[in-house]
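This report refers to the structure that appears directly beneath it.
Chain letters run A, B, ... following the sequence lines, proteins first, then strands; residues in each count from 1.
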There are 2 protein chains.
Amino acid sequence: MTSTPPRRSLEELLPTVVALFTERGYDATSMEDIARATGRTKSAVYHHVSGKEELLRLAIARAVDALSAVLTESAAVDGRAADRLEHVVRRSVEVLAEQQPYVTLLLRVRGNTQAEQWALEQRRGIDRRLTALVAAAIAEGDLRTDLDPPVVTRLLFGTVNSLVEWWRPTGAASVTAMADSIVALAFTGLRR
Amino acid sequence: MTSTPPRRSLEELLPTVVALFTERGYDATSMEDIARATGRTKSAVYHHVSGKEELLRLAIARAVDALSAVLTESAAVDGRAADRLEHVVRRSVEVLAEQQPYVTLLLRVRGNTQAEQWALEQRRGIDRRLTALVAAAIAEGDLRTDLDPPVVTRLLFGTVNSLVEWWRPTGAASVTAMADSIVALAFTGLRR
DNA sequence: GTCTATATGTTGATAGAC
DNA sequence: GTCTATCAACATATAGAC
């Protein structure tokens with residue numbers, strides 16, 4: 001859990017800021033853009049935040065928290081690793097639907113600033129936990145054994161994460177349908 | 001085919017420029033960075049190019065050409081659509097291995113500038129052709145019928161494209177192995 | 001083709017009044 | 001908590017000599 005300080009006024013700005021960051025990109029969004037979009041001047045924005053980088057950090061932390069929670073929650077469930085893996089995939093699709101712009105920012109990070117370096121570390125941590133789950137499912141004999149666990153993990157969640165580039169969920173039913181589609185493709189395969 | 005004017009001196013700069021764009025991001029790379037990395041001053045760079053945007057356009061055009069060629073080449077082959085689709089997936093992995101930074105730039109485009117808008121159009125065109133191929137494979141009865149063609153297409157090539165984020169091919173054998181892994185996951189599925 | 005200036009705009013961030 | 005005014009740094013791009 002990445003502890004988030006309880007600054008309420010900041011939480012008001014964040015949704016708007018995150019929308020701008022995801023649409024135009026972090027670098028292409030100026031503090032002036034943010035001020036205008038939130039109906040304030042730049043100075044007013046700086047009264048709430050130490051700078052642009054903190055806004056990014058805050059947004060990414062939200063995505064990290066949500067995705068980490070999925071993993072922690074699934075680890076507590078008994079049963080076969082392959083089923084836990086499928087559950088993580090489904091829950092990840094849900095998180096992505098609920099927190100799209102936040103997850104998008106986490107996935108786009110390149111490591112240029114300190115905040116982005118931190119984000120990359122968080123991602124590596126999540127990746128390690130996912131790989132362990134995949135490896136366990138293979139070891140238990142439920143997944144095919146001819147594929148490398150780290151490769152399978154990245155391909156599988158590369159598929160899930162690619163949703164941020166085009167998917168715009170329209171409701172609870174569409175989320176379930178998308179989770180079904182991804183599980184069908186990745187676990188059962190396209191050929192018949 | 002996106003006709004590329006035959007300016008040789010420019011082709012010398014492009015690999016270095018594309019490396020910078022993919023590592024730091026387009027916005028975070030200045031003309032000064034480009035000048036330094038290519039051992040020239042900014043003015044010398046401007047003698048070869050009209051501006052930063054043209055460099056991006058040129059790089060993206062290369063990726064578009066390579067990926068379009070894969071589709072055109074596969075369309076000329078007889079046989080079942082599902083086999084052509086599998087072939088396109090394999091060839092896409094190869095193109096990605098050979099032209100990684102160029103393809104990466106194409107995939108990261110957000111549409112902020114004119115060059116990026118053009119790139120998005122090119123991507124839509126490729127996407128349409130891929131979707132038609134998937135739809136044909138379903139219609140011929142070789143792929144499962146419970147999934148939406150556009151969704152399947154984006155998931156399938158979302159998987160392929162996600163490679164740019166982490167894969168660093170080490171030789172011809174590793175490229176074949178990766179193509180095999182993706183085809184195994186997407187066409188046959190992970191469960192056994 | 002390359003260089004040394006330099007023009008011109010925009011950026012993130014701060015000072016200080018209200 | 002919001003404002004106006006402003007700074008210093010850095011951006012893209014150009015002028016003009018060699």
Side-chain angles (χ1 to χ4, degrees), chain A residues 5-61 105 108-119, chain B residues 4-60 105 108-119:
Chain A
R7 287 173 291 172
R8 210 190 64 267
S9 49
L10 203 163
E11 301 290 319
E12 288 173 28
L13 305 187
L14 208 51
T16 308
V17 170
V18 168
L20 289 175
F21 282 172
T22 49
E23 279 160 30
R24 314 181 190 181
Y26 175 75
D27 287 317
T29 305
S30 71
M31 290 300 272
E32 182 61 47
D33 293 333
I34 292 171
R36 203 177 318 118
T38 57
R40 273 172 261 265
T41 61
K42 272 192 293 182
S43 294
V45 176
Y46 275 105
H47 183 261
H48 298 287
V49 194
S50 70
K52 200 175 148 184
E53 206 174 331
E54 188 187 5
L55 287 168
L56 181 62
R57 211 198 121 97
L58 240 54
I60 290 175
L105 289 180
R108 281 194 194 149
V109 150
R110 304 252 63 81
N112 286 343
T113 68
Q114 232 181 330
E116 297 198 342
Q117 295 269 4
W118 169 83
Chain B
T4 312
R7 289 172 289 173
R8 211 189 63 268
S9 50
L10 204 163
E11 300 289 320
E12 287 173 29
L13 305 187
L14 208 52
T16 309
V17 170
V18 169
L20 289 175
F21 282 172
T22 49
E23 280 159 30
R24 315 180 189 179
Y26 175 75
D27 288 317
T29 305
S30 70
M31 290 300 272
E32 182 60 47
D33 292 333
I34 291 171
R36 203 178 317 118
T38 57
R40 272 172 262 266
T41 61
K42 273 189 294 182
S43 294
V45 176
Y46 275 105
H47 182 263
H48 298 287
V49 194
S50 71
K52 202 175 145 182
E53 205 174 332
E54 188 187 4
L55 286 168
L56 181 61
R57 209 198 123 100
L58 240 53
I60 289 175
L105 289 180
R108 282 195 193 146
V109 151
R110 303 254 62 82
N112 286 343
T113 69
Q114 231 181 329
E116 297 199 341
Q117 295 269 7
W118 169 82

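Rounded to an integer number of Å, the gap from CG of A/L55 to C1' of C/dG12 is 12 Å.
If you walk DNA chain D from 5' to 3' and mark each nucleotide with an atom closer than 4.0 Å to a heavy atom of chain B, the marks span D/dA11 to D/dA15.
Between the CG atom of B/L20 and the CZ atom of B/R36 there is a distance of 9.5 Å, given to the nearest 0.5 Å. Rounded to the nearest 0.5 Å, atoms CG (A/L58) and CD (A/E11) are 6.5 Å apart.
Comparing A/K42 and A/V45 against DNA chain D, the residue whose closest nucleotide sits nearer the 5' end is A/V45.
Partners of A/E53 by side chain to side chain contact (heavy atoms under 4.5 Å, CB included), not counting sequence neighbours, listed by chain and number: A/Y26, A/T113, A/Q114, A/A115. Partners of A/R110 by side-chain hydrogen bond (donor to acceptor under 3.5 Å, both in side chains), not counting sequence neighbours, listed by chain and number: B/E165. Every residue two or more places apart in sequence or in another chain that forms a side-chain hydrogen bond (donor to acceptor under 3.5 Å, both in side chains) with B/D33 is listed here: B/R24, B/S30. In this structure B/T41 satisfies the side chain to side chain contact (heavy atoms under 4.5 Å, CB included) test together with B/S43, B/A44, sequence neighbours excluded.
For residues 25-37 of chain A, proximity to DNA chain D is found at no residue, defined as any non-hydrogen atom under 4.0 angstrom from a strand atom.
A 4.5 Å side-chain heavy-atom check between A/I34 and A/T16 finds every atom pair outside the cut-off.
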Checklist line | From CA spacing to verdict: side chain to side chain contact (heavy atoms under 4.5 Å, CB included), B/R108, B/F21 | finding: CA-CA 10 Å; B/R108 282 195 193 146; B/F21 282 172; over 6 Å; no
